[in-house]
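Note that the numbering runs from 1 along the sequence shown for the chain. From a predicted model like this one, the values you see are computed outputs, not experimental measurements. These numbers come from the heavy atoms of this one structure, side chains and all, not from hydrogens, waters or symmetry mates.
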Amino acid sequence: MPAVLFVFTSANKTLTGAQTGWYLPEAAHPYYIIAPHATIDFASPNGANPPIDEGSVKAFAKDEDSVKFLNDETVKAKFAKAKKLSEVQVKDYDAIFYVGGHGPVLDLAADPVNAKLISEFWGAGKIVSAVCHGPSALVGAVDASGKSIFAGRNATGFSNAEEIAVDKVKEIPFLLEDRIVQLGGKYDKAAELWGPKVVVDGRLITGQNPASAAPIGHAILKAISVAA
């Protein structure tokens, strides 16, 4: 059975001190799509029980998979024994997936341990995937020649327009859409705000926003099925 590593932020405060963390449906939706077909482990920079974005719990209080995820004993156990990124062995996994929330822009984007880990996943021919703000965790990753893994590739992530719409520009150190373009990526997005968008460019799989969480789950499942 293939193995996928879900990576969560350990950041719980934005630049202005507002509460943040990982975004509930962006973990829950892909999890229940992938879990029947793959082994899933959790990890974060600090290890066990990474902080959840409390706003996402409220916003998705009536979302079936999100509620199920919060109350799932298997999921709780995975969080309790989540690995530190420094403990992860690339050889144990077929894919790595970064859950969104504003947190990854604040910690994972600038984390040298994380950048090295993704670069190792990429260099080993593994699938690298992320949704919403999750692609911000990939900005430090490079290929064997030292170039960004975004360079020359198609990708998506939370758009500038969506960031402005939620009034969170001041909460984070950079805008993801801008950074992907600065790194040489070909940024693409849905025609409308909040519309689902998943971009698959070889082993790089990215999703734009919360609505893209289930679609990226299906894309990752397809990719690991082909790889297996």
* **Nearest heavy atoms of Tyr32 and Val75, plus distance in Å** => OH-CG2, 4.2 Å

* At their closest point, which heavy atom of Ala213 faces which heavy atom of Pro30, and how far apart are they? -> O-CG, 3.4 Å

* Distance from Leu15 atom CG to Ile172 atom CD1, nearest 0.5 Å? -> 8.0 Å

* Looking at Val198 and Ser212, what are the two nearest heavy atoms and their distance? -> CG2-O, 3.9 Å

* State whether the number of non-hydrogen atoms from other residues, nucleotides or ligands found under 6.0 Å of Lys62 atom NZ is greater than 12. => no

* Asked: So which heavy atom on Pro51 is nearest to which on Ala11, and how close?
  -> CG-O, 3.5 Å

* To do: Give me the ring orientation class for Trp22 and Phe69: parallel if the planes are under 30° apart, tilted from 30 to 60°, perpendicular past 60°.
  => perpendicular

* Are Ile118 and Val113 grouped together when hydrophobic residues (ILVMFWY) are joined by side-chain heavy atoms under 4.5 angstrom apart? -> yes

Mind listing the side-chain donor-acceptor pairs of residues 148-155 below 3.5 Å, one per line with the distance, residues two or more places apart or on another chain?
| from | atom 1 | to | atom 2 | distance (Å) |
| --- | --- | --- | --- | --- |
| Ser148 | OG | Phe150 | N | 3.0 |
| Arg153 | NH1 | Ile149 | O | 3.0 |
| Asn154 | ND2 | Asp201 | OD2 | 3.1 |

* Backbone N/O of Gly195 and side chain of Asn209: donor-acceptor pair under 3.5 Å -> yes

* Asked: Between CD1 of Ile180 and CZ of Phe174, what distance do you get to the nearest 0.5 Å?
  -> 9.0 Å

* **Positive for side-chain contact (heavy atoms from CB on, under 4.5 Å) with Tyr93, one of Ile40, Thr39, Val88** => Val88

* **Lys76 atom NZ: more than 12 heavy-atom contacts under 6.0 Å** => yes

* Counting only N and O atoms by type, is there a donor-acceptor contact under 3.5 Å from the side chain of Tyr187 to the main-chain atoms of Gly157? -> yes

* Main-chain N/O of Ala190 paired with Gln208 side-chain donor or acceptor, under 3.5 Å -> yes

* Check whether any side-chain heavy atom of Gln19 lies under 4.5 Å from a side-chain heavy atom of Asp53, and answer yes or no. => yes

* Asked: Less than 4.0 Å between a side-chain N and a carboxylate O, is that true for Glu54 and Lys58?
  -> no

* So does Glu64 have more than 12 non-hydrogen atoms from other groups sitting under 6.0 Å from CD? -> no

* Do Ile220 and Tyr31 belong together in a cluster built from hydrophobic side chains that touch within less than 4.5 Å? -> yes

* What is the distance from atom SG of Cys132 to atom CG of Leu176, rounded to the nearest 0.5 Å? -> 8.5 Å

* Near Lys116 NZ, under 6.0 Å, is it more than 12 heavy atoms from other residues, nucleotides or ligands? -> no

* Structure fact -> When Thr20, Asp107, Val105 are each screened for side-chain contact (heavy atoms from CB on, under 4.5 Å) with Thr9, the one that passes is Asp107

* Asked: Any side-chain donor-acceptor pair under 3.5 Å between Tyr98 and Asn114?
  -> yes

* Can Ile96 and Val7 be said to form a side chain to side chain contact (heavy atoms under 4.5 Å, CB included), step by step? -> CA-CA 7 Å; Ile96 191 167; Val7 181; 3.8 Å; yes

* Asked: With the 4.5 Å side-chain cut-off for hydrophobic clustering, are Phe79 and Leu5 part of the same group?
  -> no

* **Over all atoms of both residues, closest heavy-atom pair of Leu108 and Ala137** => CB-CB, 3.7 Å

* Asked: Does a side chain donor of either Ser44 or Ser10 reach within less than 3.5 Å of an acceptor in the other side chain?
  -> yes

* NZ-NE2 distance between Lys13 and His102, expressed to the nearest 0.5 angstrom -> 15.5 Å

* Start with the C-alpha gap between Lys168 and Thr14, add the side-chain angles, then the distance that decides, and say whether side chain to side chain contact (heavy atoms under 4.5 Å, CB included) holds. => CA-CA 9 Å; Lys168 294 283 182 77; Thr14 69; 5.8 Å; no

* Which pair of non-hydrogen atoms, one from Lys189 and one from Thr156, has the smallest distance, and what is that distance? -> CA-OG1, 4.1 Å

* Does the side chain to side chain contact (heavy atoms under 4.5 Å, CB included) test come out yes or no for Trp122 and Leu138, once each step is laid out? -> CA-CA 11 Å; Trp122 190 260; Leu138 312 182; over 6 Å; no

* Are Ile216 and Ile127 connected, step by step, through hydrophobic side chains (Ile, Leu, Val, Met, Phe, Trp, Tyr) whose heavy atoms are closer than 4.5 Å? -> yes

* **Asp94 and Val4, any side-chain heavy atoms less than 4.5 Å apart** => no

* Rounded to the nearest 0.5 Å, what separation is found between the CD1 atom of Ile34 and the NE2 atom of His29? -> 13.0 Å

* To do: Determine whether Leu70 and Ile52 make a side-chain contact, defined as any pair of heavy atoms from C-beta on separated by less than 4.5 Å.
  => yes

* **Residues Val131, Phe97; criterion side chain to side chain contact (heavy atoms under 4.5 Å, CB included); working and verdict** => CA-CA 8 Å; Val131 70; Phe97 170 63; 3.7 Å; yes

* Asked: Are Val128 and Phe42 connected in a single hydrophobic cluster, I mean Ile/Leu/Val/Met/Phe/Trp/Tyr linked by side-chain heavy atoms less than 4.5 Å apart?
  -> no

* **Atom pair CD (Glu163) and CD (Glu171), whose distance is rounded to the nearest 0.5 Å** => 9.0 Å

